[in-house]
Amino acid sequence: MNKKTQVGIVGAGPSGLLLSHLLHLEGIDSVVLEARSRKYVEERVRAGVLEQGTVDLLCETGLGDRLQREGLVHHGIELRFDGRGHRIALSDLTSGRSIWIYGQREVVKDLIDTRLAANGTIHFEVDDVSLTGIDSSSPVLSYHRGSQDHNLDCDFIAGCDGFHGVSRDSIPAGVLRAYHHIYPFGWLGILASVAPSTEELIYAYHDRGFALHSLRSPEISRLYIQVEPDEDINNWPDDRIWEELSVRMATDDGWTLKIGPILEKGITPMRSFVVEPMQSGRLFLAGDAAHIVPATGAKGLNLAVHDVHNLANALIAWYRKGSDELLKQYSTNCLDRVWRVQDFSSFMSLMLHRYSDDDGFKGRLQRAQLGYVCSSEAASRSLAENYVGLPYA
Ligand code: FAD
Ligand code: PHB
């Protein structure tokens, strides 16, 4: 079956769905193709921290109702080491900017509800998506749905299909340069049905490894511990996870970690990845399809939102004014922020994780850096302005 749309979007994660929404607000038609089911996409537990700029964009474009009701505004984070907590006063250090805790699940649910309420087209559970003609003025998305083959003629294709998607690999050999760094650790993350033991996020540095206490709501906690990158989740029964978290987060003043039933657990490797440019012909990559940052900076989703904000503006300029100026600048405009965020996420990762090959030297440097970040206003401000997100250019 042959159909036509203006922008064909591969992937119904935050990038693909938000792009479709932003285009719709300007009367531009799109079709989103997603390999997984709606339930799977809505229930995937991932990011939790939204930058001020992300929240502002979601609210300005009509996606703020539930976010403003249920999201939690945070004005600081804690860095914990040597048994003591040190608060980084994010808002005081950044003229009042803050971060919001609102799970990626909720962002995705809001986006799907909003797109479907506006009669937007999202095809879930499609197979064998392939991209052809990206160097022509009419690229095509082919896919199977049910027992039928489909071809979708597009003006443009947005590859929003994450790190393991097909879009990036459809770009002819020799066009992209990839930058890849694998960190020698992973994160074991849990979602637990227990009230958070803290009001603000805690990033803990400990001889046994990094630990992070985050949250999703007054009843649900999200916590992470550093593990080996190839660690087997079966080595981590629930009791062991809670015990390790309690040890790594312990303080001298008797703070205790509340423990409860674990609802979900999984291990994620930590990597940095960027492709340049983020475009080839009429295919534009956005979000994790073009770059991955280690989660220590809480930036992946926020970076995806920045990409699609730029891409939507560039496509709107093309349709409204016939101008391809912003489309030509898309990759450069995104990559400036991508590399700034890579640097910040790498800085946070190198400062907070233990290295198994450390003969003591790295640990001493980490303590010196943590001490500096917590005692110098200039260093705290630098961390704070990156953490809440630098203003959009
Ligand atoms: P994805 O969310 O990966 O969506 C891509 C979609 O494309 C998926 O639905 C996938 O099923 C679909 N797809 C893939 N292949 C195909 C195909 N062939 N055909 C059709 N569809 C396809 N970021 C933050 O900002 N803050 C945080 O606190 C944070 N914490 C994180 C914690 C963890 C444990 C992890 C793993 C990530 C975290 N991130 C965080 C990163 C964030 O989750 C990602 O950056 C974000 O999901 C990127 O969105 P995306 O839409 O680009 O890609
Ligand atoms: C999360 O809440 O999932 C989270 C918070 C902070 C991070 C990473 C993940 O740095």
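Note that the structure is predicted; figures quoted are calculated from it, not measured. Atoms within each ligand, like the ligands themselves, are counted from 1 in listed order.
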*Would you check if the distance from the ring center of Tyr183 to the ring center of His181 is below 6.0 Å?*
yes

Would one find an N or O of [X], backbone or side chain, under 3.5 Å from an N or O of ligand 1?
| X | value |
| --- | --- |
| Ala298 | yes |
| Arg222 | no |
| Ala35 | yes |
| Pro14 | yes |
| Glu34 | yes |
| Val129 | no |
| Asn302 | yes |

Counting non-hydrogen protein atoms only, what is the nearest one to [atom]? Give residue, atom name and distance.
| atom | answer |
| --- | --- |
| atom 41 (C) of ligand 1 | Gly300 CA, 3.8 Å |
| atom 45 (O) of ligand 1 | Asp288 OD1, 2.7 Å |
| atom 27 (C) of ligand 1 | Ala47 CB, 3.2 Å |
| atom 2 (O) of ligand 1 | Arg46 NH1, 2.9 Å |
| atom 28 (O) of ligand 1 | Gly48 N, 3.2 Å |
| atom 23 (N) of ligand 1 | Leu301 N, 3.0 Å |
| atom 14 (C) of ligand 1 | Asp161 O, 3.1 Å |

Report the part of [X] (side chain from C-beta onward, or backbone N, CA, C, O) that has a heavy atom under 4.0 Å from ligand 1; answer both or neither where that applies.
| X | value |
| --- | --- |
| Tyr224 | side chain |
| Leu33 | backbone |
| Gln104 | side chain |

*Looking at ligand 1, does Cys160 have a heavy atom less than 4.0 Å from it?*
yes

*Answer yes or no for Arg44: is there a heavy-atom contact with ligand 1 below 4.0 Å?*
yes

Contact table ligand 2 N or O to protein N or O, d under 3.5 Å:
residue: ligand 2; atom: 2 (O); partner: Ser214; partner atom: OG; Å: 2.6
residue: ligand 2; atom: 2 (O); partner: Arg216; partner atom: NH1; Å: 2.8
residue: ligand 2; atom: 2 (O); partner: Arg216; partner atom: NH2; Å: 3.4
residue: ligand 2; atom: 3 (O); partner: Arg216; partner atom: NH2; Å: 2.8
residue: ligand 2; atom: 3 (O); partner: Tyr224; partner atom: OH; Å: 2.6
residue: ligand 2; atom: 10 (O); partner: Tyr203; partner atom: OH; Å: 2.8
residue: ligand 2; atom: 10 (O); partner: Ala295; partner atom: O; Å: 2.8
residue: ligand 2; atom: 10 (O); partner: Thr296; partner atom: O; Å: 3.4

*Identify, by atom number and element, the atoms of ligand 1 in contact range of Val166, meaning under 4.0 Å from any of its heavy atoms.*
18 (N)

*If you count the atoms of ligand 1 from 1 in the order shown, which ones are under 4.0 Å from a heavy atom of Thr268?*
34 (C), 36 (C)

*Taking the side chain from Asn302 and the backbone from Ala298, do they hold a donor-acceptor pair closer than 3.5 Å?*
yes

Distance-only donor-acceptor pairs under 3.5 Å for side chains of residues 273-286, two or more places apart:
residue: Glu276; atom: OE2; partner: Trp339; partner atom: NE1; Å: 2.7
residue: Gln279; atom: NE2; partner: Gly281; partner atom: O; Å: 2.9
residue: Arg282; atom: NH1; partner: Asp155; partner atom: O; Å: 2.9

_Ignoring hydrogens, what is the shortest heavy-atom contact between Arg381 and Leu93? Give both atom names and the distance._
NH1-O, 2.9 Å

